[in-house]
> 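Got a structure for you, written out below as structure tokens; questions coming shortly.
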Amino acid sequence: MEYVYVGDTGELDQEAGETMLREYPELVKCVFLHVVSETPNPKIPPPKLINGRPLVFFRTYVGAASKATQLGLMGTDGLQKVVDAAIEALVVAGVSEGDSKWIDLQNDLAEATRTCSILAPP
């Protein structure tokens with residue numbers, strides 16, 4: 001059995017995830033870290049490999065799902081479900097279109113579109 005660890009960059013989750021990848025690469029398939037920031041449009045660190053296992057950073061669930069799809073951890077149908085749920089959540093919450101949450105989501109929607117285009121059969 002292999003695990004996927006999901007944490008954030010706010011506390012010691014990155015250190016914990018990196019330790020798991022170093023010490024238990026046979027058990028931890030991937031580490032996903034949500035980039036938390038008070039400032040809009042934060043810099044997202046590039047992904048890295050530890051013991052051949054990926055550590056990836058994301059801003060929204062759509063970004064995480066795009067990366068999971070690229071890594072073969074989920075299919076494009078799952079990615080589409082995450083996209084739909086993320087859009088619905090912001091609409092239901094009444095988040096205004098200029099809000100940084102929409103900006104982050106728009107950035108990750110572009111990545112989701114690229115991911116689906118790359119993985120689409122010819």
Side-chain angles (χ1 to χ4, degrees):
M1 181 178 292
E2 293 179 308
Y3 298 92
V4 173
Y5 176 75
V6 180
D8 64 49
T9 59
E11 299 274 332
L12 295 174
D13 293 354
Q14 183 171 351
E15 182 178 304
E18 289 180 4
T19 298
M20 286 184 246
L21 291 173
R22 274 193 305 277
E23 308 236 351
Y24 306 103
E26 71 282 358
L27 295 175
V28 181
K29 190 168 197 144
C30 184
V31 171
F32 286 84
L33 294 173
H34 176 229
V35 176
V36 293
S37 175
E38 295 291 323
T39 61
N41 202 18
K43 181 171 173 46
I44 308 297
K48 58 183 174 177
L49 290 176
I50 298 174
N51 273 343
R53 299 294 190 162
L55 183 143
V56 296
F57 298 87
F58 67 93
R59 187 71 175 139
T60 71
Y61 290 126
V62 171
S66 293
K67 288 172 176 51
T69 302
Q70 293 163 13
L71 292 167
L73 299 174
M74 65 187 293
T76 55
D77 288 347
L79 173 56
Q80 186 61 55
K81 288 178 183 178
V82 174
V83 166
D84 295 343
I87 292 170
E88 181 180 358
L90 291 184
V91 169
V92 168
V95 178
S96 65
E97 287 186 30
D99 189 279
S100 65
K101 290 180 180 181
W102 276 111
I103 294 167
D104 289 337
L105 183 58
Q106 290 297 333
N107 291 335
D108 285 345
L109 287 171
E111 181 178 2
T113 300
R114 286 189 301 274
T115 298
C116 289
S117 296
I118 292 167
L119 299 176

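Note: hydrogens, waters and symmetry copies are ignored here, and every other heavy atom, side chains too, is used.
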> Which pairs of donor and acceptor atoms, one on a side chain in residues 93-102, lie under 3.5 Å apart (sequence neighbours left out)?
residue : atom : partner : partner atom : Å
Asp99   : OD1  : Lys101  : N            : 2.7
Trp102  : NE1  : Val95   : O            : 2.8

> Using the test side chain to side chain donor-acceptor pair (under 3.5 Å), find all partners of Arg22 that sit at least two apart in sequence or belong to another chain.
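Result, side chain to side chain donor-acceptor pair (under 3.5 Å) vs Arg22: Thr19.
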> Closest approach of Phe32 and Ala64, non-hydrogen atoms and distance?
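That would be CE2-O, 3.5 Å.
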> Heavy-atom count around Glu26 CD within 6.0 Å, excluding the residue itself: above 12?
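Correct, the count exceeds 12.
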> Side-chain heavy atoms nearer than 4.5 Å, only ILVMFWY residues, links allowed to pass through others: does that put Leu73 and Val28 together?
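In one cluster: no.
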> Which atom names give the shortest non-hydrogen contact between Val31 and Gly17, and what distance separates them?
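For Val31 and Gly17, the tightest heavy-atom pair comes out as CG2-O, 3.7 Å.
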> Checking the side chain of Asp8 only, and the main-chain atoms of His34 only, is there a donor and an acceptor separated by less than 3.5 Å?
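No; judged by distance alone, with no hydrogens or angles, the pair does not exist.
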> Indicate if Val4 and Val56 have the same hydrophobic cluster label, given that clusters are the connected sets of ILVMFWY residues with side-chain heavy-atom separations under 4.5 angstrom.
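Yes, Val4 connects to Val56 through the hydrophobic network.
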> Taking all heavy atoms of Cys30 and all of Leu71, pick out the closest pair and write down the distance.
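So the minimum-distance heavy-atom pair works out to SG-CD1, 3.8 Å.
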> Would you call Leu21 and Asn51 a side-chain contact if the rule is heavy atoms closer than 4.5 Å?
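A side-chain contact under 4.5 Å is absent here.
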> For residues 71-83, pull every pair meeting side-chain hydrogen bond (donor to acceptor under 3.5 Å, both in side chains), keeping only residues two or more places apart or in separate chains.
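For residues 71-83: Gln80-Asp84.
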> Once you round to the nearest 0.5 Å, how far does CG of Leu33 lie from CD1 of Ile44?
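With rounding to 0.5 Å, CG (Leu33) is 11.0 Å from CD1 (Ile44).
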> Could you pull out all residues at least two apart from Ser37 that satisfy side chain to side chain donor-acceptor pair (under 3.5 Å)?
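Expected list: Thr39.
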> First locate atom NZ of Lys43, then atom CZ of Phe57, and finally report the distance between them rounded to the nearest 0.5 Å.
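Reported to 0.5 Å precision, the distance equals 11.0 Å.
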> Please report the shortest heavy-atom distance between Gly7 and Asp13, naming the atom on each side.
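Nearest heavy atoms, Gly7 then Asp13: CA-OD2, 3.4 Å.
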> Could you pull out the closest heavy-atom pair between Val62 and Ala86, with the gap in Å?
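Closest approach of Val62 to Ala86: CG2-CB, 3.6 Å.
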> Working to the nearest 0.5 angstrom, can you tell me the gap between Leu105 CG and Ile87 CD1?
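Answer rounded to 0.5 Å: 6.0 Å.
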> For Ala16 versus Tyr5, what's the shortest heavy-atom pair and its separation?
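Looking at all heavy atoms of both residues, the shortest contact is CB-OH, 3.9 Å.
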> Does anything in residues 52-61 pair up under side-chain hydrogen bond (donor to acceptor under 3.5 Å, both in side chains), and if so which pairs, sequence neighbours excluded?
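Non-adjacent pairs meeting side-chain hydrogen bond (donor to acceptor under 3.5 Å, both in side chains): Glu2-Arg53, Arg59-Asp104, Thr60-Asp108.
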> Any chain of hydrophobic side-chain contacts (each under 4.5 Å) joining Val35 to Phe58?
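No, Val35 and Phe58 fall in different hydrophobic clusters.
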> Could you work out, with side chain to side chain donor-acceptor pair (under 3.5 Å) as the rule, every residue matching Gln70, not counting sequence neighbours?
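Once residues adjacent in sequence are excluded, the partners of Gln70 under the side chain to side chain donor-acceptor pair (under 3.5 Å) criterion are Glu111, Thr115.
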